[in-house]
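Since we're looking at a predicted model, the values are computed, not measured. Numbering of residues begins at 1 and proceeds along the displayed sequence. First listed ligand is number 1; within each ligand, the first listed atom is number 1. The basis for the numbers below is simple: all heavy atoms, side chains too, and nothing from hydrogens, waters or symmetry mates.
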Amino acid sequence: MVSERVVRIVFLGPPGAGKGTQARFVVERYGACQVSTGEILRKAAREHTPLGKKAAGYLDRGTLVPDDVMLKLVAERLHGEDCGLGFILDGFPRTIAQAEGLATILRDMGSTLDCVFFFHVPRSVIIERLAGRRTCKRCGTLYHRIFNPPTRETVCDRCGGELDQREDDREETVAARLDVYETQTAPLIDYYHRQGLLREIDGVGSVEEIKARVFQALQESGR
Ligand code: AMP
């Protein structure tokens, strides 16, 4: 772990682009915290917390949880002690309003973003990835039935937990999520490009190949 280097990065890209998988590698190396808003919301929904009850319908439909709810959640998370060594925002921001809110949160903390990694993956590849994606119910480790298979089909290599397909990775919801991405989130590519923060990562290839590109891009950004 190279903990003397603080990273403050947004991982941007469509669902299934590999953001969560790659964020885990960066966190392991840099000791930053991974703020995966989708994971936080799914956990809250499973535990029926007030946040979970608010989010459940949106999660089921594959639509976005309202910006004010998301901004409050992220502000609290970024103030957490474990974010002292920086953060990888995985799945946030997803709208221009969230990006503007994030800039305000960071400014109030005397901080800024280092850069935004945009994972570029064509729609056909995404659909294939989401259909085969499996997640450990216990530790959240991500697998793919073909591209990154566990040793035993339904068991996590890392912790022995049971592997599951996310409800919203089923075919019916995937199309809705991709449409939401195109209309509400894709405008952030241009938004961050204009601020000079965007680094494009080719998100097609094996997990290891993409990991190498991410670390190369981090190095090039002086991390
Ligand atoms: P993800 O795991 O990032 O694909 O997110 C799963 C679901 O959580 C999304 O389809 C949304 O319903 C919700 N979600 C996650 N992040 C956000 C966000 N930044 N803004 C609004 N909704 C979100």
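For atom 12 (O) of ligand 1, the nearest non-hydrogen atom from the set Leu59, Thr63, Thr95 comes from Thr63. Looking at Lys19, Glu39, Arg94, Arg177, it is Arg94 that brings a heavy atom closest to atom 5 (O) of ligand 1.
Under the 4.0 Å criterion applied to side-chain N and carboxylate O atoms, Asp179 and Arg123 are assigned as salt-bridge partners. The residues Lys43 and Glu47 are annotated as salt-bridged, a charged nitrogen and a carboxylate oxygen being separated by less than 4.0 angstrom. With respect to Arg177 and Asp169, a salt bridge is recorded, a charged nitrogen being found less than 4.0 Å from a carboxylate O. Residues Arg77 and Asp82 are paired through a salt bridge, judged by an N-O separation under 4.0 Å between the basic side chain and the carboxylate. The residues Lys72 and Glu76 are annotated as salt-bridged, a charged nitrogen and a carboxylate oxygen being separated by less than 4.0 angstrom.
Atom CZ of Arg145 sits in a sparse spot, with 12 or fewer heavy atoms from other residues, nucleotides or ligands closer than 6.0 Å.
The nearest protein atom to atom 14 (N) of ligand 1, hydrogens excluded, is given as Leu41 CD1, 3.4 Å; this is a heavy-atom distance. The protein heavy atom nearest to atom 2 (O) of ligand 1 is Arg42 NH1, 2.9 Å.
Looking at Gly91 next to ligand 1, an N or O pair under 3.5 Å apart turns up. Taking distance alone, with nitrogen or oxygen atoms compared against 3.5 Å, Arg166 approaches ligand 1 more closely than that limit.
Here the two cysteines Cys33 and Cys83 have their SG atoms closer than 2.5 angstrom.
Residue contact check: Tyr58 has heavy atoms under 4.0 Å from atoms 12 (O) of ligand 1. Near Phe92, meaning under 4.0 Å from one of its heavy atoms, ligand 1 places the atoms 19 (N). Close approach of ligand 1 to Thr37 (heavy-atom distance below 4.0 Å) involves ligand atoms 15 (C), 16 (N), 17 (C), 19 (N). Of all atoms in ligand 1, listed by their number and element, those nearer than 4.0 Å to a heavy atom of Asp168 are 6 (C).
Within the 4.0 Å heavy-atom criterion, the part of Gln98 lying near ligand 1 is the side chain and not the backbone. At a heavy-atom cutoff of 4.0 Å, ligand 1 is contacted by no atom of Gln184, backbone or side chain. When non-hydrogen atoms are compared, ligand 1 lies under 4.0 Å from the backbone of Val65 as well as from its side chain.
The backbone N or O of Lys53 sits nowhere less than 3.5 Å from a side-chain atom of His48 that would complete a donor-acceptor pair.
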Evaluation steps, ring pair (Phe, Tyr, Trp, His ring centres under 6.0 Å), between His193 and Tyr191 = CA-CA 6 Å; His193 178 66; Tyr191 174 87; over 10 Å; no
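No heavy atom of Arg61 sits closer than 4.0 Å to any atom of ligand 1.
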